[in-house]
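Since the structure comes first, as structure tokens, the remarks are kept for the end.
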Amino acid sequence: MTALAAKAINAFLEQIDAPTASFFTSCTHCGMCADACLFYTETQDPKYTPIHKLLPLRRIWQQEYTFWGWLMKTLGLSRKVSDEDLSQWEELVYDSCTLCGRCSLVCPMGNDITYMIRKMREGMVAAGHAPEGLKGAMVRAMETGSPMGVTLQTLKAQIVHAEQETGLKIPLDKSGAEFLMLLSSAEIAQFSEIIGAVARIFHQAGVSWTLSSKAFEATNTGIQIGAADLAAELVERIISAAESLQVKTVISPECGHAYVALRYEGPNLVGRPYPFKVMHIVEVLDQLRRENRLPIKDRETTRMTFHDPCQLVRRGGLEQPPRALLALVADNYVEMREHGIYNWCCGGGGGVSANERATPLRLKVFSRKKQQVDALGVTTIVTACSNCRNMLEDGLEHYHMDINVVGLTETLARHLDTTSTGA
Amino acid sequence: MTMSDLELLAWLRGPGLQWSLIIFIAGLIFRVAENLALGRTPDLATPRSPVFAAGLATVWRRSLFHPGMSYRGYFTLIAGYTFHLGLLITLFFLSQHIVMFRAILGFGWPALPPSIIDFCTLLSIAALITILIHRITDPVVRSISDYQDYLAWLLTLLPLATGFLAMHPLGMAYIQALTLHLMSVEVLLIAIPFTKLSHMASIFISRWYNGALAGVRGVKA
């Protein structure tokens, strides 16, 4: 067993700030976080208890920052964190945590466990422990701009396709536009109908917008793997494009973590506030709704529900906008029993979907979502995150459930009244 | 009873109590200050809601039950509240304790009848015993427990048990029971800042941070 090198210990120590130290001081080992985590509830394996996933970080904190821990370490009565410990914890920190934030919501001590997992991943990367799948996505994101290797050429082809379908011009690199619309790789590669949907809605509402050939990718693998320097580099690319196009607002697409990365982590990663505003697409659409710029021609009669993307709602604060938008078009809308900030994760957030090794576990714990959906008897699940959408489709197929998954923006576009001259 | 017994009791009631109180208060302040001194980088993201107020709201909100709680959650909160309330009522409303507080603070308050205090003490002890059984038998709680959890449990139980003995001589002299009671109280006071029992102070800081971090994002955590 090799003790962790001083460099690795330091990488963890650098992550320990006042909130982290306070959280560790407060933990009474009550275990309530276990029941908030779908990796525990669906496996009943105590190793998936959220606070347990932080044990190496906690031990380093205890030995280096508390009197008792220091004394025990000095007397040789407590074991130092070893490299083998970290290898073992890699699965707990990456494969079985989607950074969904549910544990942080229920801890009676108020510990933000997700905040600490995010920090622990920074230490894991510095100590050389991260899943191959995420490392690969990180390399592709740095080299091609997209974690899935989607190129500008692919985007241009999808733009042409959307222009033919809608008969509208899709603006690319239009300087002085009000909004810069970003996309996620999953949208460009699999759900490209989003481009036409946005074009139709923005055209109808008279919104001045553009895509950028320099920064079309909104996702940020650096945040998921825990590499703040690389995450900052990805944010800088967006800032640079937004500045050169002189847009007022950058729109995060239907992707949960991309929104959090850009809206809340971004300014801190680059160390300065943005000269523009960041809005999620559902915020923009909700604003158009409030301004009566979103005319609707007909309504959905199928029974539908909304899957709250964790990063959008529990970690993003956008619980109401998707519901207000769905109320425009949904006649037969039902909520899952635990929804809004208490919703259960799709199982593939926080980099889990890019980590192929984690797929069997992810599909197993999807049983939580299955139970939620089974109880409703819906035919359609609407969501506002292309990663959730992918994960839902994958999980539903795995459990042989015949349910349609759609994006919120395209659902609205489908019911858009393009003949309206209002507003 | 020998003279040294009385001397020991006098020491425990005087300098012993004084020193352990000083270590308890200074230690807790140091513990919180030490954590806060680590600081955090200022948040540059435009907040969605007033951050300070969001933190305070979470300090309150985490005292409540939340939707969709499990059996473990209900047990933890109900047993936890029972233990803490029983302990605090005994500590602050037993007439003998109020005499001591008056001597230290210069003022006192009305006491509760001994029968109610007895009930609270026994309820608190019963809750502690249930919590220990839960800690040992629940696979999740057992797996995340370390020796400190059991040590803290014992250190918390002893003042309650010895205090009850002092009030109800069950084959033990009052002076001896009181001596044990004071000793266990002082050991507990000294241990609090060095163990997980310091959550009695840090809980407010943790909840505030949680609420403030969520408040930036407009989430009522």
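Naming convention: chains lettered A, B, ... in sequence-line order (proteins, then strands); numbering from 1 in each chain.
- Only the side chain of Arg31(B) comes within contact range of chain A, with at least one heavy atom under 4.5 Å from a heavy atom of that chain.
- Of the atoms belonging to Pro193(B), not a single heavy atom falls under 4.5 Å from chain A.
- Contacts between Ala214(B) and chain A at a heavy-atom distance below 4.5 Å are absent for every atom of the residue.
- Residues Arg48(B) and Glu283(A) are paired through a salt bridge, judged by an N-O separation under 4.0 Å between the basic side chain and the carboxylate.
- Annotation: residues 54-61 of chain A contacts chain B through Trp61(A) [non-hydrogen atoms, separation under 4.5 Å].
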Quiz item: Where do Arg62(B) and Cys107(A) land on the side-chain contact (heavy atoms from CB on, under 4.5 Å) test, with the steps shown first?
Solution: CA-CA 8 Å; Arg62(B) 288 299 161 105; Cys107(A) 173; 4.2 Å; yes
Quiz item: Hey, mind stepping through Thr46(B) and Lys277(A) against side-chain contact (heavy atoms from CB on, under 4.5 Å) and telling me if it holds?
Solution: CA-CA 9 Å; Thr46(B) 318; Lys277(A) 223 174 126 179; over 6 Å; no
Practice problem: Dump the intermediate steps for side-chain contact (heavy atoms from CB on, under 4.5 Å) on Val140(B) and Tyr40(A), then the final yes or no. | Solution: CA-CA 9 Å; Val140(B) 166; Tyr40(A) 171 75; 3.4 Å; yes
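- Atoms CG and OG1, on Asp149(B) and Thr28(A) in that order, are 8.0 Å from each other to the nearest 0.5 Å.
- Highest contact tally toward chain A, considering only Ser202(B), Ala212(B), Ser198(B), Gly218(B), is held by Ser202(B) [criterion: heavy-atom pairs under 4.5 Å].
- The choice from Leu44(B), Val216(B), Leu36(B) that makes the most heavy-atom pairs within less than 4.5 Å of chain A is Leu44(B).
- The shortest heavy-atom contact between Pro108(A) and Leu77(B) is CB-CD2, 4.1 Å.
- Annotation for Phe204(B): atom CZ does not count as buried by contact number, only 12 or fewer foreign heavy atoms lying within 6.0 Å.
- From His199(B), atom NE2 reaches atom SG of Cys27(A) across 10.5 Å, with rounding to the nearest 0.5 Å.
- Taking OH from Tyr71(B) and CG from Asp35(A), the interatomic distance works out to 11.0 Å, rounded to the nearest 0.5 Å.
- Of the listed residues Asp45(A), Thr49(A), Leu105(A), the one with more heavy-atom pairs under 4.5 angstrom with chain B than any other is Leu105(A).
- For the pair Arg217(B) and Val260(A), the minimum side-chain heavy-atom distance is below 4.5 Å.
- The candidate from Ala201(B), Pro67(B), Gly80(B), Pro42(B) with the greatest count of non-hydrogen atom pairs under 4.5 Å with chain A is Pro67(B).
- Shown here is Trp68(A), whose CH2 atom has no more than 12 heavy atoms of other residues, nucleotides or ligands within 6.0 Å.
- In summary, the side chains of Asn111(A) and Asn210(B) do not present any donor paired with an acceptor at a separation below 3.5 Å, with no hydrogens or angles considered.
- For Lys220(B), the NZ atom is loosely surrounded, since the number of other residues' heavy atoms within 6.0 Å does not exceed 12.
- Contact annotation for Tyr147(B): only side-chain heavy atoms (C-beta onward) come within less than 4.5 Å of a heavy atom of chain A.
- The distance from atom CZ of Arg72(B) to atom CE of Met32(A), rounded to the nearest 0.5 Å, is 10.0 Å.
- Every residue meeting the side chain to side chain contact (heavy atoms under 4.5 Å, CB included) condition with Ile239(A), not counting sequence neighbours, appears here in chain and number order: Val235(A), Glu236(A), Glu243(A), Val270(A), Arg272(A), Tyr274(A), Phe276(A).
- Among residues 18-26 of chain A, the residues having any heavy atom closer than 4.5 Å to a heavy atom of chain B are, in sequence order, Ala18(A), Pro19(A), Ala21(A), Ser22(A), Phe23(A), Thr25(A), Ser26(A).
- Heavy atoms from other residues, nucleotides or ligands lying under 6.0 Å from CE of Met183(B) number 12 at most.
- In Phe119(B), the CZ atom is not crowded: 12 or fewer heavy atoms of neighbouring residues, nucleotides or ligands sit closer than 6.0 Å.
- Contact of Arg135(B) with chain A is made through the side chain alone, with heavy-atom distances under 4.5 Å.
- Shown here for Tyr264(A) and Asp43(B), the closest heavy-atom pair between the two residues is O-OD1, 4.3 Å.
- At least one donor-acceptor pair closer than 3.5 Å links the side chain of His29(A) to the backbone N or O of Ile144(B).
- Under a cut-off of 6.0 angstrom, the local environment of CH2 in Trp109(B) is crowded, with over 12 non-hydrogen atoms contributed by other residues, nucleotides or ligands.
- With chain B as partner, the option from Ile16(A), Val313(A), Asp17(A) having the largest number of non-hydrogen pairs under 4.5 angstrom is Asp17(A).
- When all heavy atoms of Thr76(B) and Cys30(A) are compared, the pair lying nearest together is CG2-CB, 3.6 Å.
- The line from CZ of Arg315(A) to CG of Leu213(B) is 8.0 Å long, rounded to the nearest 0.5 Å.
- Scored by the side chain to side chain contact (heavy atoms under 4.5 Å, CB included) test, Leu87(B) finds Phe83(B), Ser124(B), Leu160(B) as partners (sequence neighbours excluded).
- Between atom CD of residue Gln62(A) and atom CD of residue Gln148(B) there is a gap of 6.0 Å, rounded to the nearest 0.5 Å.
- Smallest separation of non-hydrogen atoms from Tyr342(A) and His66(B): OH-CB, 3.5 Å.
- Residue-environment remark: CZ (Phe52(B)) stays at or below the threshold of 12 foreign heavy atoms within 6.0 Å.
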